[in-house]
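Structure first, then comments.
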2 protein chains.
Amino acid sequence: MVTVEERIKELKKRGFKMTPQRRAIIEALHNDHTHPTAEDLYNKVKRMMPDISLATVYNTLELLEKIGGVLKLEVIGGKAHYDPFTEPHIHLVCTMCGKIVDVEKPVPRIELSEEEKQGFRLQGYNIVFYGICPDCQRKLN
Amino acid sequence: MVTVEERIKELKKRGFKMTPQRRAIIEALHNDHTHPTAEDLYNKVKRMMPDISLATVYNTLELLEKIGGVLKLEVIGGKAHYDPFTEPHIHLVCTMCGKIVDVEKPVPRIELSEEEKQGFRLQGYNIVFYGICPDCQRKLN
DNA sequence: TTTTAGTTTAGAATACTTCCAGTTATAAAT
DNA sequence: ATTTATAACTGGAAGTATTCTAAACTAAAA
């Protein structure tokens, strides 16, 4: 797991300025394993930094995404979730409440032949499982 | 590949009414292998049926989704795409323009252990490859 | 036919995200 | 330390995609 300091070092190395807002957002993201949305992070950071803007959270997440510092998960119901753990891994998504958890399992290696690639220059792939989480199963009864 | 008539029969069997709008939307969807958005379908159907409403397209797609008659793909950039081919298959998505194509390859079987499921009741899984399509590669030069 | 319950329509409402203009702060240069 | 140039921040407006609403309409059953 990459640390907060490593992410910050990477940003500086690329010539971006370090600000208290960025540090707070990166820390909040790294201390949160629930795959928070931008708004979740905004609410967390606002407790320590009441004047921060939601736009700054979006800007910082976009910046992190560009340098490979966060995975943006656009899986269900219009709200993007962010994952600080950027190594390839499988996600498990609840189709009722949208909750996302990581699956601790080696990602199966899937290769596409040249024909299957259809001329695309491949960048990677995602595997997402769908299901109903324990909480929502309980609500069904 | 399931036909338009089979989809319509399925809707009737479940007690839904058949309307010219629904038929037109289902036909437009089945004749389109580009994974259209709701708006794409709206624009296509409007040529034959100028008074149709975008809301009807959304309603019909939601209805189809409920009976398993279409796959809703929420992969990139906020706009849902719809796929009339509902057998499990791999998708290839362009990260520059959002284009989606099907991959003709048997879907690898991936099993999760009880521990890996974390109490979820599984419903299925998706595999999505990301890359840059031939058109967008050309634009890069 | 008549009935009725489901469907369509247009536009309003909502939800998430991006954009914008003015202000402020960082980091480099002096 | 001070200055300076530029990047980043803020709050609110704007932009998209989708859902909601209420009135008018219509498919299908009686």
Side-chain angles (χ1 to χ4, degrees), chain A residues 7-29 35-43 45-46 48-67 69-70 72-82 97-98 100, chain B residues 7-29 35-43 45-46 48-67 69-70 72-82 97-98 100:
Chain A
R7 293 288 185 223
I8 289 172
K9 196 180 292 177
E10 175 69 18
L11 278 178
K12 284 182 178 168
K13 203 182 76 186
R14 302 214 189 193
F16 296 106
K17 291 180 180 169
M18 195 40 47
T19 66
Q21 291 90 340
R22 284 183 176 168
R23 177 178 287 277
I25 292 163
I26 294 170
E27 282 174 354
L29 177 65
H35 304 77
T37 63
E39 202 183 0
D40 293 338
L41 290 170
Y42 171 64
N43 288 326
V45 171
K46 207 162 51 160
M48 303 304 296
M49 202 177 272
D51 292 330
I52 197 167
S53 155
L54 179 56
T56 299
V57 177
Y58 276 106
N59 290 340
T60 301
L61 289 169
E62 191 187 352
L63 180 64
L64 283 172
E65 201 194 353
K66 248 188 301 210
I67 69 162
V70 71
K72 184 177 184 183
L73 310 172
E74 300 180 87
V75 273
I76 221 157
K79 226 164 179 171
H81 293 250
Y82 294 87
C97 68
I100 304 176
Chain B
R7 293 287 185 226
I8 289 173
K9 195 180 291 175
E10 176 68 20
L11 277 178
K12 283 182 177 166
K13 204 182 77 188
R14 302 214 189 193
F16 295 105
K17 291 180 182 169
M18 194 39 47
T19 65
Q21 290 91 337
R22 284 183 176 168
R23 177 177 287 276
I25 292 163
I26 294 170
E27 282 174 353
L29 177 65
H35 305 76
T37 64
E39 202 183 0
D40 294 337
L41 290 170
Y42 171 64
N43 289 325
V45 171
K46 206 162 50 161
M48 304 303 298
M49 202 177 268
D51 292 330
I52 197 167
S53 155
L54 179 57
T56 299
V57 177
Y58 275 107
N59 289 341
T60 301
L61 288 169
E62 191 186 354
L63 180 64
L64 282 172
E65 201 194 352
K66 248 188 302 212
I67 69 162
V70 72
K72 185 177 185 183
L73 310 172
E74 300 178 87
V75 273
I76 220 156
K79 225 163 178 169
H81 293 250
Y82 294 88
C97 69
I100 305 176

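Only heavy atoms go into these numbers, but all of them, side chains included; no hydrogens, no water, no symmetry mates. Labels below follow one simple rule: chain letters A, B, ... track the order of the sequence lines, proteins then strands, and each chain is numbered from 1.
Distance I8(A) CD1 to dT26(C) P: 14 Å, rounded to the nearest Å. The NZ atom of K46(B) sits 12 Å away from the P atom of dT9(C) (whole-angstrom rounding). Remark: P of dC16(C) and CG of L73(A) are 16 Å apart, rounded to the nearest angstrom. Put simply, NZ on K66(A) is 13 Å from C1' on dA8(D), counting in whole angstrom units. Rounded to whole Å, atom C1' of dT8(C) lies 10 Å from atom CD1 of I25(B). When rounded to the nearest whole Å, the span between CG of L63(A) and P of dC9(D) equals 9 Å. If you take CE of M49(B) and P of dA10(C), they are 13 Å apart, rounded to a whole angstrom. Rounded to a whole Å, the OH atom of Y42(B) is 13 Å from the C1' atom of dT8(C).
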_How would you summarise protein contacts on nucleotides 16-30 of chain D per nucleotide, using B for base, S for sugar-phosphate only and - for none, with heavy-atom distances below 4.0 Å?_
-SSBB------BS--
For residues 7-25 of chain A, which side-chain N or O atoms pair as donor and acceptor with protein atoms under 3.5 Å away, sequence neighbours left out?
residue: R7(A); atom: NE; partner: G69(A); partner atom: O; Å: 3.4
residue: R7(A); atom: NH2; partner: P84(A); partner atom: O; Å: 3.4
residue: R7(A); atom: NH2; partner: T86(A); partner atom: OG1; Å: 3.1
residue: E10(A); atom: OE1; partner: K13(A); partner atom: NZ; Å: 3.4
residue: E10(A); atom: OE2; partner: R14(A); partner atom: NE; Å: 2.6
residue: E10(A); atom: OE2; partner: R14(A); partner atom: NH2; Å: 2.9
residue: T19(A); atom: OG1; partner: R22(A); partner atom: N; Å: 3.1
residue: R22(A); atom: NH1; partner: K17(A); partner atom: O; Å: 2.8
residue: R23(A); atom: NH1; partner: E5(A); partner atom: OE2; Å: 3.0

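Between the side chains of D40(A) and T37(A), a donor-acceptor pair is found at a separation under 3.5 Å.
Heavy-atom minimum distance, P36(B) versus L41(B): CG-CD2, 3.7 Å. Taking both residues in full, the closest heavy atoms of Y42(B) and I52(B) are given as CE1-O, 3.3 Å, listed atom of the first, atom of the second, then distance. Residue L54(B) comes nearest to A38(B) through the heavy atom pair CD1-O, 4.1 Å, listed as atom of the first residue, atom of the second, then distance.
Between the side chain of H35(B) and the main chain of H81(B), no donor-acceptor pair closer than 3.5 Å is present.
Contact annotation: Q21(A) reaches the phosphate of dT10(D) (side-chain N/O to OP1 or OP2, under 4.0 Å).
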